[in-house]
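Lettering follows sequence order; numbering is per chain, from 1.
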Amino acid sequence: MASPLDSSQPRLAAGCRWAPSTTGKEENRMILFPEGAIKLQGTGRQVLERCDGQRTFSEIIAELQKEFGTTDPEKIRADISTFLEQLQKKRIVDY
Amino acid sequence: MLPNPLALIAEITHRCPLHCVYCSNPMQLAATQSELSTEEWASVFEQSGKLGMLHAHFTGGEPLARPDLRELIAAAHNARLYTNLITSGIGLSEPRLKTLVDAGLDHIQISFQDSREDSANWIAGAKSHAHKIELARGVRRYKIAFTVNLVVHRQNLDHLEEMIAFIEQLSPERVEIAHTQYYGWALTNRAALMPTQAQLNRAVAIVAEAEKRLAGRIRIDSVVPDYYAKYPKACMGGWGRKLMLINPAGKVLPCHAAEVLPGMSFENVREKSLEWIWRESASFRRFRGEDWMPEPCRSCERRSEDFGGCRCQAFLLARDATATDPACSLAPAHHLVESAVREANSEASVAQPTALSSFVQLQKLTTDLWTYRTNPE
């Protein structure tokens with residue numbers, strides 16, 4: 001299966017959604033999907049919070065490269081691409 | 001510390017318009033009169049949310065047989081639960097589906113009995129296949145997750161390739177290829193349902209090919225049936241570790257089949273809170289953890305992965321709920337599973353009726369083959 005293109009607009013797949021916040025200030029947020037839930041923190045959370053179906057893959061990468069200024073930009077791109085590809089395989093993300 | 005349960009399995013009714021021969025409901029179905037009311041279920045969902053559960057799986061019987069399903073889904077949704085409807089589709093019209101989605105339905109899982117209409121109806125004991133297809137085509141108009149569930153066994157496993165191609169046209173995100181598990185009606189019908197080794201090998205290859213081909217489009221979940229596996233399944237993720245099941249009459253069980261276990265009594269949500277039942281009840285503590293385990297489980301390094309397998313299967317096959325699951329190749333009672341497998345692969349085993357027969361012909365040809373699931377009083 002192909003990796004996201006620069007112009008892809010990643011989004012949560014149908015029936016996958018953020019769990020409603022209980023206190024409004026959790027550091028872990030959870031995504032609910034048919035067979036379970038994943039807890040997201042750190043970069044994973046920052047990526048998925050940007051997968052709104054509006055931002056393009058290249059915009060998401062640019063935003064995160066800004067956040068992690070010191071890390072190798074190509075590595076950031078490769079990591080995020082792999083991350084989204086895995087979630088697409090699980091049918092949690094579409095792009 | 002005891003973790004919270006993760007999900008609630010709500011068997012909201014045992015009534016069903018289908019009579020599937022592989023049904024895992026208990027032979028002793030809960031009577032219609034004993035069913036929990038709308039308000040009682042709403043309280044169950046509220047308690048489940050507070051207990052930290054994440055998912056509510058609506059099942060049955062056929063959940064659509066409850067006219068108040070919309071209210072029940074809304075109550076679960078308001079309790080912050082992710083809602084999943086496990087259904088045959090019979091009883092669902094498009095307007096009704098819309099009301100369920102509006103009430104907060106997140107995921108629908110529709111079962112198919114075969115890709116071929118006559119065979120599908122024969123397995124379901126009802127003329128239902130064409131209607132299910134019509135309904136399934138409408139699901140993609142809504143932004144909910146869609147899974148197709150294929151229950152496979154001796155009588156349809158040879159059509160697996162065709163079934164997957166048929167499912168692809170419905171564009172679900174997920175396909176669950178569920179080998180029949182032998183509880184309830186399926187255990188009664190085991191000889192007619194158990195696949196041969198050759199059927200299983202072909203199925204494994206077909207699934208591997210389909211997984212590759214459909215990656216990124218359709219996720220396939222398939223597990224080797226436990227009679228053919230080396231180790232038992234971690235039934236329900238372990239007794240009282242992850243899930244609570246509530247039957248139509250409000251009885252709280254650690255799994256679908258637990259009512260068959262002798263000498264156990266299960267609490268009812270009409271009398272006790274879910275939290276108390278989860279934490280304190282004797283029934284949920286009975287096989288939790290490792291203290292109850294016999295050898296070879298007790299010293300087995302897999303004991304924290306499969307928890308000794310299924311207690312109900314241990315009782316149903318070896319007549320001892322505290323035995324190692326006979327599906328385990330290390331179990332003292334494994335010969336019981338081996339002999340069932342041997343029988344399924346012998347020349348004297350159940351033949352399959354000729355393909356291309358009509359539903360009516362098939363039923364006539366196979367009156368002695370199996371027992372159709374009936375309805376509760």
Side-chain angles (χ1 to χ4, degrees), chain A residues 1-41 44-45 47-48 51-54 56-57 60 78-95, chain B residues 3-7 9 49-58 76-86 100-101 104-110 139-149 171-176 178 211-223 237 242-243:
Chain A
M1 193 59 209
S3 344
L5 306 171
D6 276 351
S7 59
S8 303
Q9 292 172 298
R11 59 204 170 271
L12 293 181
C16 302
R17 60 177 173 85
W18 292 96
S21 154
T22 41
T23 61
K25 51 170 182 135
E26 296 97 311
E27 47 184 79
N28 298 321
R29 283 188 75 191
M30 228 173 341
I31 292 210
L32 299 173
F33 54 97
E35 52 286 90
I38 35 172
K39 221 176 241 179
L40 287 154
Q41 45 193 355
R45 174 176 169 174
V47 173
L48 276 191
C51 293
D52 52 10
Q54 305 288 320
T56 63
F57 180 58
I60 294 173
D79 287 353
I80 296 176
S81 177
T82 310
F83 177 64
L84 290 179
E85 219 174 309
Q86 281 167 352
L87 288 177
Q88 194 208 30
K89 243 184 166 170
K90 292 187 172 147
R91 305 306 291 114
I92 294 170
V93 162
D94 271 328
Y95 49 75
Chain B
N4 295 328
L6 292 177
I9 300 169
K50 286 192 179 138
L51 246 181
M53 292 198 226
L54 300 173
H55 289 66
H57 303 283
F58 287 81
H77 180 74
N78 291 337
R80 300 169 169 272
L81 297 165
Y82 183 98
T83 56
N84 174 22
L85 175 61
I86 301 169
L100 301 182
V101 174
L105 182 64
D106 289 300
H107 175 211
I108 190 166
Q109 188 174 332
I110 303 181
V139 169
R140 291 282 64 157
R141 280 178 216 145
Y142 300 92
K143 215 178 163 284
I144 54 174
F146 177 27
T147 298
V148 171
N149 183 278
S171 332
E173 284 93 14
R174 291 167 175 76
V175 176
E176 198 178 290
E211 266 173 353
K212 219 184 281 172
R213 188 166 51 82
L214 299 172
R217 275 172 57 208
I218 302 180
R219 168 178 170 164
I220 301 184
D221 283 321
S222 170
V223 181
K242 292 192 167 159
L243 302 165

Report the distance from atom CG of B/L54 to atom CZ of A/F33, rounding to the nearest 0.5 Å.
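Rounded to the nearest 0.5 Å, the CG-CZ separation comes to 10.5 Å.
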
Hey, what do you get for CG (A/L32) to NE2 (B/H107), rounding to the nearest 0.5 Å?
13.0 Å

Among the listed options A/G36, A/C16, A/A13, the residue most often paired with chain B at heavy-atom distances under 4.5 Å:
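Highest number of heavy-atom pairs under 4.5 Å: A/G36.
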
Heavy-atom contact with chain A under 4.5 Å, split by part of [X]:
X: B/R140; answer: side chain
X: B/I218; answer: backbone
X: B/L81; answer: backbone

Sidechain-backbone polar pair: [X] side chain, [Y] backbone, donor-acceptor under 3.5 Å:
X: A/R91; Y: B/R174; result: no
X: B/H55; Y: A/E35; result: no
X: B/Y82; Y: A/G15; result: yes

Can you name the nearest heavy-atom pair linking [X] to [Y], along with the distance?
X: A/K89; Y: B/A215; answer: CE-CB, 4.0 Å
X: A/L12; Y: B/K143; answer: O-NZ, 4.4 Å
X: A/A14; Y: B/I144; answer: CB-O, 3.5 Å

